Amino acid sequence: MSRTDLGRDDVQSQPHAPKKKSSTFLKIFLGLIIFIIVMAVGVGIGFVTANMNVKADLSKDILPPASSHMYDSAGNEIAIIHATENRVPVKIEQIPLNLQNAFVAIEDNRFYEHKGVDFRGLARAAYTNIIRGEIAEGGSTITQQLAKNAYLTQDRTYKRKIQEIFLALQLEKQYTKQEILELYLNQIYFGQGAYGVQAASKTYFGKNVEDLTLGECAMLAGIPKSPNYYSPFNNINAAIERRNTVLDQMVHYGYISFNESQAAKNAEVVLAPPNVPEKHKDAMYFIEYVTQLLVDRYGADAVYKEGLKVYTTIDLDMQRMAEEALLTYLPQDYTDVNGIVQPQGAIVAIEPKTGYIRAMVGGRGTDQFNRATMAERQPGSSFKPFVFVSGLENGYTPDTVIEDSPININGWQPQNDSRRFSGNVSLRTVATFSMNVPTVKIAQALGIDKAIFYAQEMGISTFVLEGDHNDTNLATALGGLTRGVTPLEIASAYGTFANNGVYIPHVAITKVLDRNGNIIHEVFPEGRQVISPESAADLTSMLEDVITKGTGKGAAIGRPAAGKTGTTSDYKDAWFVGYTPDLVASVWIGNDDNTSLDGIMGGGLPATIWSHFMQNALLNVPAHDFDTLVVDRRSRGNVVTEVRDNNRPSRRDYYEDEPRRDYSEPEPDYHYSEPEPATTYHEPEPNYTQKPEGVPDYVEPEPVREPEPVHEPEPVREPEPVYHEPEPVYVPEPEPVREPEPVIDNAPSFDDDLSKGRN
């Protein structure tokens with residue numbers, strides 16, 4: 001097995017007498033000199049090789065295509081990715097000038113000036129790659145892209161880059177610019193199985209390429225950068241944003257006027273009906289998700305023509321259970337204008353100790369929109385555990401008392417669902433009954449940035465932290481996010497709680513082989529400690545109460561389990577996210593057009609679906625309790641005296657002079673990363689914000705955590721009237737704990753005033 005380390009030097013030279021550090025400029029300059037020397041030598045050798053070995057007629061130098069095969073976690077074949085293409089070649093005269101210019105403006109603005117290689121672009125790409133320490137930018141011209149797509153693999157290596165350069169130079173000798181552009185526009189992949197501009201035009205707009213409008217030309221030109229993410233069928237908002245970028249580039253290079261670009265931006269987007277699958281098949285959403293990950297990483301030709309063997313994490317038995325649970329309970333209220341039955345739903349199940357995705361359902365199976373990975377929806381109170389854990393990491397305990405009383409924040413007065421206040425309540429009670437006002441008070445005392453930080457550390461990548469509408473306000477504490485979260489990312493984040501505070505990124509692909517059986521990619525799960533084991537155990541204990549006696553009683557499965565309900569304003573979204581020691585799963589229900597669910601709450605239908613699925617999925621897994629941390633609250637500070645594993649007789653102790661286990665940052669891994677929604681829809685590690693002040697570092701943590709004061713100038717040993725610990729939890733006398741109706745999680749929507757920025 002081999003592992004490719006792209007763009008990182010194997011040996012780092014050491015200066016002989018380092019009296020002071022070399023400047024960044026000097027390093028960049030030396031790197032450029034070395035790069036130029038290497039390129040010059042490579043060009044010389046490659047020139048001879050190219051002239052000796054490259055065929056005179058490049059059109060015949062193509063490998064025979066082979067289908068790729070996909071396998072589940074047990075090695076059973078679940079899909080064949082066929083090599084057949086939806087391609088209808090057209091002449092350059094049929095391709096609108098606006099479409100030609102759109103591609104030149106966004107892909108290669110010096111196309112008509114260079115001779116196949118843009119050395120300015122190469123120098124810029126070399127500079128970027130040296131700064132980042134990896135091949136992050138290619139500097140490819142349209143001619144080079146044609147050479148790569150038609151004759152080479154998608155490997156991001158210097159060897160392939162040199163081959164690409166010589167093929168591009170040869171193409172420029174054999175063909176005119178118009179012929180090269182024609183070949184390119186008939187070659188590139190647009191997603192949805194469409195190759196070339198004619199197939200793409202019919203697929204997305206239901207018309208021939210010569211009939212495209214300016215706006216449609218710009219939208220098509222924006223898709224190839226990431227066919228999955230910028231497909232208007234998958235992500236219309238991203239497709240429109242990318243279209244506008246193309247139009248701006250066309251104005252910049254003089255192809256259209258500003259007024260023409262504005263008219264195109266304001267024009268209505270009219271799409272053709274997407275192809276509906278002929279019949280439902282197992283794991284169709286997961287198969288499409290993995291296919292797009294492969295296309296984003298290796299390119300469409302590699303996936304559809306090079307005969308890859310792809311081993312995935314999906315458990316087909318568990319997958320069928322998830323599909324059955326969703327379709328059994330999901331009501332059929334109405335059919336929308338696109339012919340899709342509403343409401344829709346999604347389920348994602350992940351193994352917390354490995355990050356392996358074991359089941360993924362992205363809808364009813366009658367369309368191609370994968371709601372499990374692409375639907376960013378308001379999480380409501382399912383976001384509250386990130387607020388609770390920020391408190392537990394900063395001196396709170398489940399017994400910390402918060403005053404449930406009216407609060408006014410610049411005119412915003414959050415309410416509990418009951419519209420009543422209960423006085424002093426413990427943090428455990430706040431979690432159990434999903435109380436809104438005390439949750440906001442915790443976030444107000446600590447700062448919402450701490451909750452956002454921990455959520456990002458656990459893989460939530462959709463926060464908006466800048467601009468007029470952003471998430472740095474207290475509405476976020478109740479799940480009122482600007483964009484929302486996906487079922488995949490929130491399930492992965494909750495896996496951290498189930499895994500003793502260790503976050504392991506979700507994984508869909510374990511291994512990829514080429515057509516000759518060589519391993520070109522393999523994943524080994526790696527995690528890092530993002531919250532302490534004590535905080536994870538305390539939070540799990542609180543979320544167990546949600547299921548045993550709180551808002552999530554409908555999710556009970558007859559074994560230890562923890563979870564949280566989520567219901568947004570006007571019943572637009574309903575969630576249940578929960579976990580056992582062996583499996584974490586998220587369930588979401590909502591209408592695609594974001595209209596009301598007419599009373600469906602997180603503790604109702606989503607909890608029922610979650611319970612049905614989890615009972616079946618864990619039927620042959622022995623029931624066992626979570627690892628329990630026993631904390632002596634009577635001693636000095638919060639000293640962990642014992643870690644008890646309920647499944648094994650062994651025991652290990654934490655003492656004051658013995659640091660906790662060191663979870664250092666893992667070595668950079670070159671495994672298959674899940675996409676990053678900024679440019680391509682793969683999801684690697686989220687782009688974390690700077691660590692907020694007061695957030696502990698778990699590389700070398702202190703063995704004893706002294707609780708911090710809730711309000712700053714107050715000394716540690718003088719508790720404030722609102723936040724004091726030793727008093728017993730207040731339980732209102734006349735009303736015993738109701739066989740509660742699930743509490744509606746009264747989260748403000750992103751339209752609320754507070755969500756428009758910190759007030």
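Along the sequence shown, residues are numbered consecutively beginning with 1. All values reported here derive from a predicted model rather than from experimental measurement.
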**OP:** Might you work through the side chain to side chain donor-acceptor pair (under 3.5 Å) test for Ser461 and Glu489, ending with a clear yes or no?
**Re:** CA-CA 8 Å; Ser461 65; Glu489 286 196 346; 2.6 Å; yes
**OP:** Determine the interplanar angle of the Tyr189 and Tyr304 rings, folded into 0 to 90°, and report it as parallel if under 30°, tilted if 30 to 60°, perpendicular if over 60°.
**Re:**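 Correct class here is tilted.
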Original post:
Using 30° and 60° as the class limits, which term best fits the ring planes of Phe383 and Phe386: parallel, tilted or perpendicular?
Top reply: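 Rings of Phe383 and Phe386: tilted, as their planes differ by 30° to 60°.
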**OP:** Check the pair Ile509, Val290 against side-chain contact (heavy atoms from CB on, under 4.5 Å), reporting the backbone distance first and the verdict last.
**Re:** CA-CA 7 Å; Ile509 298 172; Val290 170; 3.6 Å; yes
Of the non-hydrogen atoms in [X] and [Y], which two are nearest, and what is the gap between them?
{"X": "Ser586", "Y": "Pro487", "value": "OG-O, 2.9 Å"}
{"X": "Ile357", "Y": "Phe286", "value": "CG2-CE1, 4.2 Å"}
{"X": "Trp575", "Y": "Ile490", "value": "CZ3-CG2, 3.8 Å"}
{"X": "Ala200", "Y": "Phe190", "value": "CB-CG, 3.4 Å"}
{"X": "Gly191", "Y": "Pro227", "value": "N-CB, 3.6 Å"}
{"X": "Ala238", "Y": "Tyr230", "value": "O-CD2, 3.5 Å"}

Is there a side-chain contact between [X] and [Y] in this structure, where contact means two heavy atoms from C-beta onward sitting under 4.5 Å apart?
{"X": "Met219", "Y": "Val269", "result": "yes"}
{"X": "Val512", "Y": "Leu294", "result": "yes"}
{"X": "Gln344", "Y": "Asn591", "result": "no"}
{"X": "Ile223", "Y": "Pro232", "result": "yes"}
{"X": "His114", "Y": "Glu172", "result": "yes"}
{"X": "Ile340", "Y": "Gln342", "result": "yes"}
{"X": "Tyr195", "Y": "Val88", "result": "no"}
{"X": "Arg242", "Y": "Leu247", "result": "no"}

**OP:** Go through Asn109 and His252 one step at a time and tell me if the side chain to side chain donor-acceptor pair (under 3.5 Å) criterion holds.
**Re:** CA-CA 10 Å; Asn109 63 81; His252 179 73; over 6 Å; no
For [Y], is there any backbone N or O sitting under 3.5 Å from a side-chain donor or acceptor partner on [X]?
{"X": "Gln100", "Y": "Ile95", "answer": "yes"}
{"X": "Asp336", "Y": "Gly339", "answer": "yes"}
{"X": "Thr245", "Y": "Glu241", "answer": "yes"}
{"X": "Ser68", "Y": "Leu308", "answer": "yes"}
{"X": "Thr476", "Y": "Leu481", "answer": "no"}
{"X": "Gln145", "Y": "Tyr184", "answer": "no"}
{"X": "Ser231", "Y": "Asn228", "answer": "no"}
{"X": "Arg110", "Y": "Thr141", "answer": "no"}

Original post:
Going through the distances and angles, do Arg371 and Asp592 end up as a salt bridge (charged side-chain N to carboxylate O under 4.0 Å, His left out)?
Top reply: CA-CA 9 Å; Arg371 295 154 188 85; Asp592 286 338; 2.8 Å; yes
Original post:
Does the separation of the ring centres of Phe233 and Tyr204 fall below 6.0 angstrom?
Top reply: yes
Return the [atom1] to [atom2] distance between [X] and [Y], rounded to the nearest 0.5 Å.
{"X": "Leu478", "Y": "Gln378", "atom1": "CG", "atom2": "CD", "answer": "11.5 Å"}
{"X": "Asp449", "Y": "Leu465", "atom1": "CG", "atom2": "CG", "answer": "10.0 Å"}
{"X": "Asn234", "Y": "Met374", "atom1": "CG", "atom2": "CE", "answer": "4.0 Å"}
{"X": "Met250", "Y": "Ile106", "atom1": "CE", "atom2": "CD1", "answer": "10.0 Å"}
{"X": "Ile448", "Y": "Leu474", "atom1": "CD1", "atom2": "CG", "answer": "6.0 Å"}
{"X": "Ile460", "Y": "Arg483", "atom1": "CD1", "atom2": "CZ", "answer": "11.5 Å"}

Original post:
Is atom CD of Gln94 surrounded by more than 12 heavy atoms (other residues, nucleotides or ligands) closer than 6.0 Å?
Top reply: yes
Original post:
If you count the non-hydrogen atoms of other residues, nucleotides and ligands that lie under 6.0 Å from CD in Glu466, is the total more than 12?
Top reply: no
**OP:** For Thr595 and Lys572, run side-chain contact (heavy atoms from CB on, under 4.5 Å): C-alpha distance rounded to whole Å, both residues' side-chain angles, the deciding distance at 0.1 Å, then the answer.
**Re:** CA-CA 6 Å; Thr595 54; Lys572 293 179 180 178; over 6 Å; no
Original post:
Looking at Lys202, Arg243, Lys207, which hits salt bridge (Lys or Arg N to Asp or Glu O under 4.0 Å) with Glu216?
Top reply: Lys207
Subject >> Under 3.5 Å side-chain donor-acceptor pair for Asp471 and Thr482 >> reply: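 Side chains of Asp471 and Thr482: pair found under 3.5 Å.
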Original post:
Does a donor on one side chain sit under 3.5 Å from an acceptor on the other, for Glu376 and Thr486?
Top reply: no
**OP:** Apply side chain to side chain donor-acceptor pair (under 3.5 Å) to the pair Asn370 and Tyr289, showing each step before the final yes or no.
**Re:** CA-CA 8 Å; Asn370 188 346; Tyr289 171 65; over 6 Å; no
**OP:** Let me see the working for Asp296 and Lys225 under salt bridge (charged side-chain N to carboxylate O under 4.0 Å, His left out), right down to the final yes or no.
**Re:** CA-CA 9 Å; Asp296 287 340; Lys225 180 178 176 65; over 6 Å; no
Subject >> Chi angles and distances behind the side chain to side chain donor-acceptor pair (under 3.5 Å) call for Gln178, Glu182 >> reply: CA-CA 6 Å; Gln178 286 297 91; Glu182 178 183 309; over 6 Å; no
**OP:** In sequence, state the C-alpha distance, the side-chain angles, and the governing distance for Val104 and Tyr255, and then conclude on side-chain contact (heavy atoms from CB on, under 4.5 Å).
**Re:** CA-CA 10 Å; Val104 171; Tyr255 292 116; 3.4 Å; yes
**OP:** Determine, step by step, whether Leu181 and Glu179 satisfy the side-chain contact (heavy atoms from CB on, under 4.5 Å) criterion, reporting the C-alpha distance in whole Å, the side-chain angles of both residues, the deciding distance to 0.1 Å, and the verdict.
**Re:** CA-CA 5 Å; Leu181 190 58; Glu179 289 172 335; over 6 Å; no
